[in-house]
Colleague: 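Have a look at this one.
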Amino acid sequence: MENKNRALVIGITGGIGSGKTSVAKIIAEMGYKVLIADDQAKKIMSENEAVKAKIIDTFGNETYLSDGSLNRTFLAGLVFGDDPEKKSNLDKLNKIVHPAVIDDMIEMVEKYENEGEKIIFKESALIYEAGLADGFDYIISVYADEENCIKRVADRNGSSSDEVKKRMESQLSPQFKRDHADFVIDNNGNPEDLKNSTQLIVSIVSAMPPRDLTKENDN
């Protein structure tokens with residue numbers, strides 16, 4: 001039987017440059033616990049020896065620098081792009097890293113729940129790609145027009161439009177994520193608009209009842 005007193009677990013997703021990280025920061029500033037998938041993945045790829053060994057075995061010694069840190073530039077060149085080989089490499093990398101990220105997420109949710117948290121957020125670009133949607137009570141999708149997404153990423157790290165588009169092509173379309181989410185935050189406006197929209201959605205989500213995830217996962 002579903003535990004009606006358990007914490008709500010809310011997913012935050014969206015395409016690259018959509019502003020999902022900004023939404024996660026706003027929610028964290030509101031006092032909620034927010035898990036960031038990229039931070040978890042980076043930590044795991046840097047510190048989890050079993051994962052590191054699998055990455056080296058799959059992609060070669062160049063995936064790690066001489067000081068033991070992940071060679072992100074080299075690895076990105078192997079996995080981001082629209083050709084079949086890079087898509088295959090990304091799938092291989094995800095199959096190595098995702099199980100460890102999921103295990104870490106479960107541990108952190110249990111920890112926060114035991115500490116009395118009533119709602120926990122998890123930010124991840126790949127909730128749908130990784131088949132994790134059924135593990136959340138509700139999912140919030142952050143959406144922005146492609147030109148805005150490209151500009152944000154380019155301004156943030158100097159990537160070219162082509163580089164950003166290659167990253168986009170490695171994920172499901174923003175339209176898919178918007179259509180399949182329970183709530184959508186439009187991020188085509190200014191930061192104040194985003195803050196107001198986020199606060200409104202959080203106020204609604206926090207009042208929602210938990211879903212019977214065990215029943216849904218059996219279907």
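Counting begins at 1 with the first residue of the sequence.
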Colleague: Run the numbers on Ile12 and Lys122 for side chain to side chain contact (heavy atoms under 4.5 Å, CB included), then give the verdict.
Modeller: CA-CA 6 Å; Ile12 306 168; Lys122 163 76 170 184; over 6 Å; no
Colleague: Which hydrophobic side chains are connected to Tyr143, either touching it within the sub-4.5 Å cutoff or through other members that do?
Modeller: Val184
Colleague: Does some side-chain heavy atom of Thr21 sit less than 4.5 Å from a side-chain heavy atom of Ile36?
Modeller: no
Colleague: Under 3.5 Å, side chain of Thr13 to main-chain N/O of Ser124, donor-acceptor pair present?
Modeller: yes
Colleague: Using a 4.5 Å cut-off on heavy atoms from C-beta on, say whether the side chain of Arg152 contacts that of Asn187.
Modeller: yes
Colleague: Walk me through whether Glu146 and Lys165 qualify under side chain to side chain contact (heavy atoms under 4.5 Å, CB included).
Modeller: CA-CA 9 Å; Glu146 182 176 293; Lys165 287 179 180 179; 3.9 Å; yes
Colleague: Can you hop from Leu8 to Ile26 via hydrophobic side chains spaced under 4.5 Å?
Modeller: yes
Colleague: Could you grab the distance from atom CD1 of Ile120 to atom CD of Glu115, nearest 0.5 Å is fine?
Modeller: 9.0 Å
Colleague: If you look only at pairs with a residue in residues 8-61, which of them pass as a ring pair (Phe, Tyr, Trp, His ring centres under 6.0 Å), with sequence neighbours excluded?
Modeller: Tyr32-Phe121
Colleague: Are the side chain of Glu123 and the backbone N or O of Ala24 linked by a donor-acceptor pair below 3.5 Å?
Modeller: no
Colleague: With hydrophobic residues grouped by side-chain heavy-atom distances under 4.5 Å, do Met208 and Phe136 end up in a single group?
Modeller: no
Colleague: The criterion is side-chain contact (heavy atoms from CB on, under 4.5 Å); which residues satisfy it with Asn190, sequence neighbours excluded?
Modeller: Glu192, Asp193
Colleague: So, for Arg6 and Pro210, which heavy atoms are closest and what is the spacing to 0.1 Å?
Modeller: NH2-CB, 3.7 Å
Colleague: Could you go through Glu110 and Asn114, starting from their C-alpha distance and side-chain angles, then the distance that decides it, and tell me whether this counts as side-chain hydrogen bond (donor to acceptor under 3.5 Å, both in side chains)?
Modeller: CA-CA 6 Å; Glu110 290 177 349; Asn114 290 334; over 6 Å; no
Colleague: Would you mind listing every ring pair (Phe, Tyr, Trp, His ring centres under 6.0 Å) that reaches into residues 178-208, with sequence neighbours excluded?
Modeller: Phe176-His180
Colleague: Any heavy-atom pair between the side chains of Asn71 and Thr63 that's under 4.5 Å?
Modeller: no
Colleague: Are a donor atom and an acceptor atom from the side chains of Glu85 and Asn89 found within less than 3.5 Å of each other?
Modeller: no
Colleague: Quick one: which residue pairs count as a salt bridge (charged side-chain N to carboxylate O under 4.0 Å, His left out) with a foot in residues 20-44, not counting sequence neighbours?
Modeller: none
Colleague: If the condition is salt bridge (charged side-chain N to carboxylate O under 4.0 Å, His left out), which residues does Lys151 pass it with, not counting sequence neighbours?
Modeller: Asp155
Colleague: Listed by chain and number, what are the salt bridge (charged side-chain N to carboxylate O under 4.0 Å, His left out) partners of Lys195, not counting sequence neighbours?
Modeller: none
Colleague: Listing request: all side-chain hydrogen bond (donor to acceptor under 3.5 Å, both in side chains) pairs with a residue in residues 196-210, at least two apart in sequence or in separate chains.
Modeller: none
Colleague: Please confirm whether the backbone N or O of Arg211 pairs with a side-chain atom of Asp137, one donor and one acceptor, at under 3.5 Å?
Modeller: yes
Colleague: Could you pull out all residues at least two apart from Lys177 that satisfy salt bridge (charged side-chain N to carboxylate O under 4.0 Å, His left out)?
Modeller: Glu129
Colleague: Test side chain to side chain contact (heavy atoms under 4.5 Å, CB included) on Ile10 and Ile139 and set out the steps.
Modeller: CA-CA 6 Å; Ile10 310 299; Ile139 295 176; over 6 Å; no
Colleague: Can you get from Val79 to Ile44 by hopping between Ile, Leu, Val, Met, Phe, Trp and Tyr side chains that sit under 4.5 Å apart?
Modeller: yes
Colleague: Identify each donor-acceptor pair in which a side-chain atom of residues 92-109 lies under 3.5 Å from a protein atom, sequence neighbours left out, and give them as a table.
Modeller:
{"from": "Asn94", "atom 1": "ND2", "to": "Leu90", "atom 2": "O", "distance (Å)": "3.4"}
{"from": "Lys95", "atom 1": "NZ", "to": "Asp91", "atom 2": "OD2", "distance (Å)": "3.2"}
{"from": "Asp104", "atom 1": "OD2", "to": "Gln40", "atom 2": "NE2", "distance (Å)": "2.7"}

Colleague: Can you list the residues that meet the side-chain contact (heavy atoms from CB on, under 4.5 Å) rule with Asp67, with sequence neighbours excluded?
Modeller: Leu65, Ser69
Colleague: Which atoms form the tightest heavy-atom contact between Met168 and Cys149, and what is the distance?
Modeller: CE-CB, 3.5 Å
Colleague: To the nearest 0.5 Å, what is the distance between OG (Ser88) and CG (Leu78)?
Modeller: 11.5 Å
Colleague: Between the side chains of Arg178 and Asp186, is the shortest nitrogen-to-carboxylate-oxygen separation below 4.0 Å, so that they form an ion pair?
Modeller: no
Colleague: Return yes if some donor-acceptor pair links the side-chain N/O of Asp145 with the main-chain N/O of Asn148 below 3.5 Å, else return no.
Modeller: no
Colleague: Would a 4.5 Å heavy-atom cut-off, applied to side chains only, mark Tyr64 and Ile55 as touching?
Modeller: yes
Colleague: Any chain of hydrophobic side-chain contacts (each under 4.5 Å) joining Val142 to Ile204?
Modeller: yes
Colleague: Where do Leu126 and Gln171 land on the side chain to side chain contact (heavy atoms under 4.5 Å, CB included) test, with the steps shown first?
Modeller: CA-CA 7 Å; Leu126 304 177; Gln171 300 177 359; 4.1 Å; yes
Colleague: Under the ring pair (Phe, Tyr, Trp, His ring centres under 6.0 Å) definition, can you give me all pairs with a residue in residues 77-97, not counting sequence neighbours?
Modeller: none
Colleague: Between atom CD1 of Ile127 and atom CG of Asp134, what is the distance when rounded to the nearest 0.5 Å?
Modeller: 11.5 Å
Colleague: Taking Asn188 for the side chain and Ala144 for the main chain, is one N or O donor matched with an acceptor at less than 3.5 Å?
Modeller: no
Colleague: Treat each ILVMFWY residue as a node, draw an edge where side-chain heavy atoms are under 4.5 Å apart, and state whether Val9 and Ile119 are in one component.
Modeller: no
Colleague: Distance check, rounded to the nearest 0.5 Å: Ile201 atom CD1 versus Tyr138 atom OH?
Modeller: 13.0 Å
